[in-house]
Amino acid sequence: MELETRYDPHAHEGDVYERWMQAGAFTPAKEAPEGADPFVIMIPPPNVTGVLHMGHALNGTLQDVLVRFHRMRGRDALWVPGTDHAGIATQAVVEKKLFAEERKTRQELGREAFVERVWDWKEEHGNKILEQFRRLGSSCDWTRTRFTLEPDMSRAVREAFVTLWERDLIYRGARIVHWDCVLQTAVSDDEVEMVERKSKLYYLKYPVKDAAGEQVTVATTRPETMLGDTGVAVNPSDERYGALVGKTLVLPFLDREIPIVADDSVDASFGTGAVKVTPGHDPADYERGARHGLPVLNVLNRDGTLNEEAGPFAGKSREQARKEVCEGLEELGLLEKVEDYVHNVPISDRSKSPIEPLVSEQWFVKMEPLAQPAIQAVKTGALTIRPERWTKVYLDWLENVQDWCISRQLWWGHRVPVWYDEDGVPFASREDVEIGSPHPKTGKPIVRQDEDVLDTWASSWLWPFATLGWPDKTPDLERFYPTQFLSTAREIIYLWVARMVMAGYALLDHLPEEKRCPFSTCYIHATVLDAKGKRMSKSAGNGIDPLDLIEQYGADAVRLSLVLLTREGQDVKLAPDRMEMGRRFTNKIWNAARFVMQNLEGERTEVGAGTPTLLEDRWILSRLARTTAEVTEALEGFRFNDGATALYKFVWNDFCDWYLELVKSRLGEGDSDSAKTARGTLALVLETSLKLLHPFTPFQSEVLYGALRERLGASNGEMLVRAAWPAGERLAVDEAAEADLDVVRELVGAVRSIRALTMVADRMPLAALVIAPSAETRRVLDECHERARALAFLSQLEVAEAGERPPASAVGVASGMEVFVSLGDGVDLEKLKETLERRVAKLEKGTAGAEGKLANKGFVERADPDVVQAERDRLEEMQGELELLRRNLSGL
RNA sequence: GGGCCAUUAGCUCAGCUGGCUAGAGCGCUACGUUGACAUCGUAGAGGUCAGUGGUUCGAGUCCACUAUGGCCCACCA
């Protein structure tokens, strides 16, 4: 196969993915390999309505890197994909479409027909996001794709519901809930966002009963809710109102008599110190009302208009009522004043409309008992959350957990599996119940099923095991549960992560305690921000579409860039051009591979032929061994960035910059042992590098691996995706080789520095460069000088015997070697002098620091002996260089 | 009102449990290559590591406070 000079991702990605699919490369073998531990990830199911955003792209990359890594390491690897039915979001999308296209509301269509429409929509559009995950290269087992509303999931959801019901952990209650007046459903605490809004603070006067002219002023932001007031509260220690507690007020408009009560929760310093109590429409008031036995009055309809309880204001919208209430009070002389006021208003995440706290009948799950094991999970280490600081967030929520309102007044979702008899006595059932059949307890006929559906999270909290077939004890459940890794966004630590842990402990009671936690590591990935550090959002229009990036740079470059840019626990600011890093690197790999393969023409069948004895061969193999260990350790510890960085440095700075250059002249030697070894080493290093790269750049590494095997004549169609992770006897760290090559690099560097100094002085090239090596370094030079010649800058180098000291204008030192430079004519001595002086100053500072350190007893006695020795060596070196530079300076 | 996170080169960021003369990529400058690489290589300029105090033989790294920016939680009507 001919490789183009520039890597073109689009020429390969589609084909490669297709080959993986045809080979079933992502589906675990029927039987788990002997002795292989599972490595399982459940994808956080994206909404079916969703399109891939940068957060998905990052998260998908991280999960894929790990799954591919562990698959290659021989673990029984599985990554289960799927989507979430996302009750409110999906229903809203379809409702909107229905109205736009047919001018119909869901009510006009009817429940059954509407749900049918949603399914139609799902079949048509619901796979989009999973397709996009494929573009990214995700190696999910697509044969196991799940959907949170499919029939098997319904069984799981019912099993969970009924189990909790039987344990008395589910109850129906009138509670104040967050009501979304647009979507006309209850939403959970976690779906509410507090948004700062400018508004007014109204001071209302309520007359005291039987006390002509006496009034109490309350401050409120919601004057229209005064119609639902059933009391006024003051702080018991507030002297202003002491005498009034126990007296009665008369509510304007309605003439309702309401008591003044004393309650600690009232802040005497806010407003007037007196607060109206509206238990039906304010969570805090609900609590206060309950403490004082005040009645709960609901003055709102489900759409947010006022109901008949509101007397003259019935039927008005909230906004209209507010206006009219104020006007009315004004007329009555009961509006004291209105102030500007900024406060936080609860807004529904889903409809973006203001939440109305409303008392209504809902289903709740008692959370406290479920929370205990989830708290224990992190305390015992069964669950590790990374970065660690999120543990506290997780625990804080669990330790103060509120009961979970699980009913939603929607149609798209799992219907609450509760049926009622004619007296309204409920019971929960795993099976559908026929209308008319007898209630198992009361014996009376069943008349209806509960109309509500369950919160979406009431299915997704079962995800880690419902995807494996639970409640049946399937082979998959046995083999793949619990999972090892969950990677998700911080926003859903409460909504999802904590609840999955609870569900695992509560519902998988056939398993021993230590196997119930659904995942052992929960990784909270970075948030992807825009270039200015703002959150990407549709409404702000600052989002970057990952598919555009893939289109432009290729999936591998995007994956690599994301991993290189993201360090654990730190958000990442992203601009499209940051993908350049990945693009350049993938192009570099491509060309290095091309070069290697061009030199492997012919009959070679064995990778890594010959025993390397030459320094550079030993060196690169040692570096390869070290890099292999680094990448392996990094990925085992979920340090993605470290792994990618180690590879980047190895491939680019060691392999391409040095090894390929050093080996070029040998490659022309035909059949010499030296040439053979070079070719073998090249092939081995390339092949191993491709394996290490595969988790990060799966497409490109697969293409190059195929090409390499073909070139070696060793191809039998095997794919890199299933290759074994590098390990073994050929890869050992050779410290001597690394140290020796460091000397060479340093030497070359020193020559370049001296040369650069003169070039700074004037662009004149050097008249001559002479090196007088010590006996020790001479050995190393002899070994590699010929190869080093291949480097352009070394072609000017002449090696002299020690002791032959040529006249020099500048002298440098490197690894015990003196480097003499004689300057050509026309050098700007002033500039050279300046440069040298700066260098001297820097060195003086350095030596002073080192001397101080070594003069310090504490350091010498307590520090690691190696560190002290290194410090001495460093000082000596600096002193030597300093001395030479001073000599240079005085000679100028 | 609590809590968390950041602040290191012009830009984006690395610097793990305190210990080489504080690094990388991009950008900039110079030179060299253009027979693996519509490039690549080498070198250079550029930093009082936000500020103040403390612990220590030694602090970018640990502690306290301050400043700036960002995020999360919370029933102040």
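Residue numbering restarts at 1 for every chain, and letters A, B, ... go by the order of the sequence lines.
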Watson-Crick/G-U partner (both atom distances under 3.5 Å) of [N]:
{"N": "C62(B)", "value": "G54(B)"}
{"N": "C76(B)", "value": "none"}
{"N": "A67(B)", "value": "U7(B)"}
{"N": "A24(B)", "value": "U12(B)"}
{"N": "G47(B)", "value": "none"}

If the cut-off is 4.0 Å, is K392(A) near the phosphate of G3(B), judged by side-chain N/O to OP1 or OP2? no

With respect to the phosphate group of G41(B), does any side-chain polar atom (N or O) of W652(A) fall under 4.0 Å of OP1 or OP2?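 Yes.
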
[M] and [N], which share atom name [atom1], separated by this distance in whole Å:
{"N": "G3(B)", "M": "A74(B)", "atom1": "P", "answer": "15 Å"}
{"N": "A59(B)", "M": "A45(B)", "atom1": "C1'", "answer": "28 Å"}
{"N": "G46(B)", "M": "A6(B)", "atom1": "P", "answer": "30 Å"}
{"N": "G15(B)", "M": "U55(B)", "atom1": "P", "answer": "29 Å"}
{"N": "U52(B)", "M": "A9(B)", "atom1": "C1'", "answer": "24 Å"}
{"N": "A64(B)", "M": "G27(B)", "atom1": "C1'", "answer": "39 Å"}
{"N": "C26(B)", "M": "U42(B)", "atom1": "P", "answer": "11 Å"}
{"N": "U56(B)", "M": "C75(B)", "atom1": "C1'", "answer": "48 Å"}

Tell me whether the rings of F655(A) and Y659(A) are parallel (<30°), tilted (30 to 60°) or perpendicular (>60°). parallel

Please work out which of the three classes, parallel, tilted or perpendicular, describes the rings of W397(A) and Y494(A), given edges at 30° and 60°.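 The arrangement is parallel - the two ring planes meet at less than 30°.
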
Below 3.5 Å between N/O atoms, which protein atoms pair up with nucleotides 25-27 of chain B? Just atom names and distances, please.
from, atom 1, to, atom 2, distance (Å)
G25(B), O3', R584(A), NH1, 3.3
C26(B), OP1, R584(A), NH1, 3.0
C26(B), OP1, R584(A), NH2, 2.5

Tell me whether [X] at atom [atom1] has more than 12 heavy atoms from other residues, nucleotides or ligands lying less than 6.0 Å away.
{"X": "E399(A)", "atom1": "CD", "result": "yes"}
{"X": "E491(A)", "atom1": "CD", "result": "yes"}
{"X": "K649(A)", "atom1": "NZ", "result": "no"}

Map D396(A) and N591(A) onto RNA chain B by nearest heavy atom, then report which one ends up closer to the 5' terminus.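 Residue closer to the 5' terminus by nearest nucleotide: D396(A).
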
Along RNA chain B (nearest heavy atom to each residue), the more 5'-positioned of K649(A) and A219(A):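 Of the two residues, K649(A) wins.
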
To the nearest Å, how far apart are [X] [atom1] and [N] [atom2]?
{"X": "H178(A)", "N": "A74(B)", "atom1": "NE2", "atom2": "P", "result": "9 Å"}
{"X": "N587(A)", "N": "A36(B)", "atom1": "CG", "atom2": "C1'", "result": "10 Å"}
{"X": "Y7(A)", "N": "A38(B)", "atom1": "OH", "atom2": "P", "result": "16 Å"}
{"X": "D657(A)", "N": "G41(B)", "atom1": "CG", "atom2": "P", "result": "5 Å"}
{"X": "I492(A)", "N": "C71(B)", "atom1": "CD1", "atom2": "P", "result": "19 Å"}
{"X": "R389(A)", "N": "G70(B)", "atom1": "CZ", "atom2": "C1'", "result": "12 Å"}
{"X": "R594(A)", "N": "G35(B)", "atom1": "CZ", "atom2": "P", "result": "12 Å"}
{"X": "E399(A)", "N": "G3(B)", "atom1": "CD", "atom2": "P", "result": "16 Å"}

Sugar-phosphate only, base, or nothing, as touched by [X] at under 4.0 Å among non-hydrogen atoms:
{"X": "T220(A)", "value": "sugar-phosphate"}
{"X": "R222(A)", "value": "nothing"}
{"X": "L529(A)", "value": "nothing"}
{"X": "K588(A)", "value": "base"}

V177(A) vs P357(A) side-chain heavy atoms within contact, under 4.5 Å: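 Side chain of V177(A) against side chain of P357(A), heavy atoms only: no contact under 4.5 Å found.
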
Do F650(A) and I620(A) touch side chain to side chain, with heavy atoms closer than 4.5 Å?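 Of all side-chain heavy-atom pairs linking I620(A) with F650(A), at least one is under 4.5 Å.
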
Report yes or no: do N591(A) and R594(A) form a side-chain donor-acceptor pair below 3.5 Å? yes

So, K276(A) versus T278(A): side-chain donor-acceptor pair below 3.5 Å or not?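 A donor-acceptor contact under 3.5 Å links the two side chains.
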
Name the closest nucleotide to the R583(A) side chain, picking from U39(B), C75(B), A36(B).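 Nucleotide nearest to R583(A)'s side chain: U39(B).
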
Identify which nucleotide among A77(B), C5(B), C40(B) has an atom closest to any side-chain atom of V275(A), counting heavy atoms from C-beta outward.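 Nucleotide nearest to V275(A)'s side chain: A77(B).
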
Given the side-chain rings of F585(A) and Y7(A), with only the six-membered ring counted for Trp, is the space between their centroids under 6.0 Å?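 For F585(A) and Y7(A), the ring centres are not under 6.0 Å apart.
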
Assigned glycosidic conformation for A38(B) [threshold 90° from 0]: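 In terms of base orientation relative to the sugar, A38(B) is syn.
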
